[in-house]
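Just below is one structure, and these are the notes that go with it.
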Amino acid sequence: MSYPVITPAPTPGKTDWFQHDRFGMFIHWGTYSLAARHEWVKSREQIDTETYMKYFKHFDPDLYDPKAWAKAAKAAGMKYFIITTKHHEGFCLWDTKYTDYKVTNTPYGKDVLKPMVEAFRAEGLKIGFYHSLLDWFHEDYTVDGCHPMRENEEYIAHDAERDLSRYVDYLHKQTEELMTQFGKIDILWYDFSPRATDRFPGKGRDEWRAEELIKLIRSYQPDIMINDRLQIDQDVKTPEQFQPRGWLHVNGQPVVWEACQTFSGSWGYHRDESTWKSVDMLIRMLVDTVSKGGNLLLNVGPTARGEFDERAIERLEGMGKWMHHNSRSIYGCTQAPAEFQCPQDCRLTYNPETNRLYVHVFAWPFRHLHLDGLAGKVEYAQLLRDGSEIQFVEGKGEAQTLHVTDGGAGTLTLMLPVQQPCDVPVIELFLK
Ligand code: GLC
């Protein structure tokens with residue numbers, strides 16, 4: 001028998017594979033990778049387009065090897081990837097026919113997107129496209145509170161001549177290219193709808209002609225998942241750079257969700273950023289996410305020369321090592337049924353197909369882990385890392401059992417070694 005779990009209501013796209021796979025790679029790559037100080041550098045430093053062109057003129061990722069990227073993602077345990085086809089700066093990674101501001105016109109001179117899609121597909125990963133709704137290059141994109149020229153009165157004065165709807169035509173046309181030239185696309189991840197400020201209006205579903213856009217996308221890619229940032233909820237909610245406290249709900253209903261996270265705060269390559277998360281923290285973030293029924297989309301910002309930097313590689317490898325032994329507690333898993341109480345300092349995940357419950361021990365306790373409500377329900381327990389048996393006693397209080405310091409009628413007590421046997425240990429419980 002297996003226990004009932006939370007299942008979000010179906011959405012227009014296909015999300016079953018997504019809810020099974022749980023772990024993906026985000027990639028932010030563009031001409032901001034040369035500035036190497038955040039992908040918002042053009043806006044943050046209010047750089048005009050003419051000055052910013054120096055990055056375009058020097059974009060030449062001579063070490064770019066998408067096969068190496070795809071292998072690194074796969075080895076980390078990631079099952080899909082999402083690449084910035086165009087970020088807010090407006091630079092396009094593919095050979096679009098609608099602008100000259102594209103990779104084929106840089107010194108590199110070649111399309112980078114197609115080989116990337118092919119390489120990831122060859123490694124068996126699903127394909128996602130990030131696409132920016134903001135565009136700080138396009139001549140018809142009007143100034144808003146995020147725009148690099150938001151304090152440049154002369155530039156702002158020209159807004160009267162700008163026709164946002166022409167930009168939106170461009171957005172639709174480019175989307176059509178992306179939906180028709182790269183085979184099956186599994187996710188389209190738009191970013192984002194800027195809010196109004198005191199001075200500037202915002203942009204949202206009406207400006208983007210979002211309904212029409214969604215129709216267009218689905219006419220080419222009926223199963224595709226679309227995110228929530230067009231201001232029309234579709235298949236997935238995308239909390240960013242924080243860990244939600246529980247399963248994400250919209251209007252009281254649980255939804256499919258994916259937390260997107262960085263290694264170090266910046267999405268684009270940032271040479272001098274020093275707040276890199278440890279492998280241990282990243283593993284716990286992945287586990288925490290799945291324990292709340294979500295996915296983790298973890299970002300890499302490749303360098304200007306086209307490589308993942310060493311700090312990223314080290315973390316991907318660390319996660320891959322852990323996933324090698326423990327991915328069974330991630331793939332196909334979700335939030336544990338409510339009747340299983342999570343012990344202190346732990347996270348639970350549950351696989352309803354195999355009827356196994358996974359206890360991730362974030363802080364190793366001394367000798368005993370008490371699982372309330374599980375007495376009589378577990379057939380066998382093992383450390384997932386090496387398949388070594390974890391012995392347990394059931395329903396016994398302190399008085400009756402030599403080594404058990406606490407417990408009660410419904411409690412199952414795992415007998416643990418004194419020393420923590422590995423990083424983020426997982427105990428696999430085969431339920432009856
Ligand atoms: C934000 C930022 C952006 C990043 C994205 C990822 O909305 O504008 O730079 O690409 O989040 O979620």
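Each ligand, and each atom within it, is numbered from 1 in the order the structure gives.
- Annotation for ligand 1: atoms under 4.0 Å from non-hydrogen atoms of C260 are 12 (O).
- Under 4.0 Å is where a charged nitrogen must lie from a carboxylate oxygen, and between R150 and D144 no such pair does.
- Scanning all protein heavy atoms for the shortest distance to atom 10 (O) of ligand 1 gives H28 NE2, 2.5 Å.
- With hydrogens and angles ignored, the 3.5 Å screen pairs no side-chain donor or acceptor of R271 with any backbone N or O of R37.
- Across every non-hydrogen atom of V41 and A35, the tightest pair is CG1-CB, 3.9 Å.
- For atom 11 (O) of ligand 1, the nearest protein heavy atom (residue, atom name, distance) is E240 OE2, 2.7 Å.
- Between K14 and D16 there is no salt bridge, since no side-chain N of the basic residue sits under 4.0 Å from a carboxylate O of the acidic one.
- Look at Y32 and you'll find every heavy atom at least 4.0 Å from all atoms of ligand 1.
- Residue contact annotation: Q241 has no non-hydrogen atom under 4.0 Å from ligand 1.
- Among all non-hydrogen protein atoms, the one lying nearest atom 9 (O) of ligand 1 is E39 OE2, 2.6 Å.
- We find that E89 and K42 are not joined by a salt bridge, their nearest charged nitrogen and carboxylate oxygen being 4.0 Å or further apart.
- Here is the list of ligand 1 atoms found below 4.0 Å of a heavy atom in F192: 7 (O), 8 (O).
- For the side-chain hydrogen bond (donor to acceptor under 3.5 Å, both in side chains) test with T96, the passing option among Q181, K173, Q174, K86 is Q174; the others fail.
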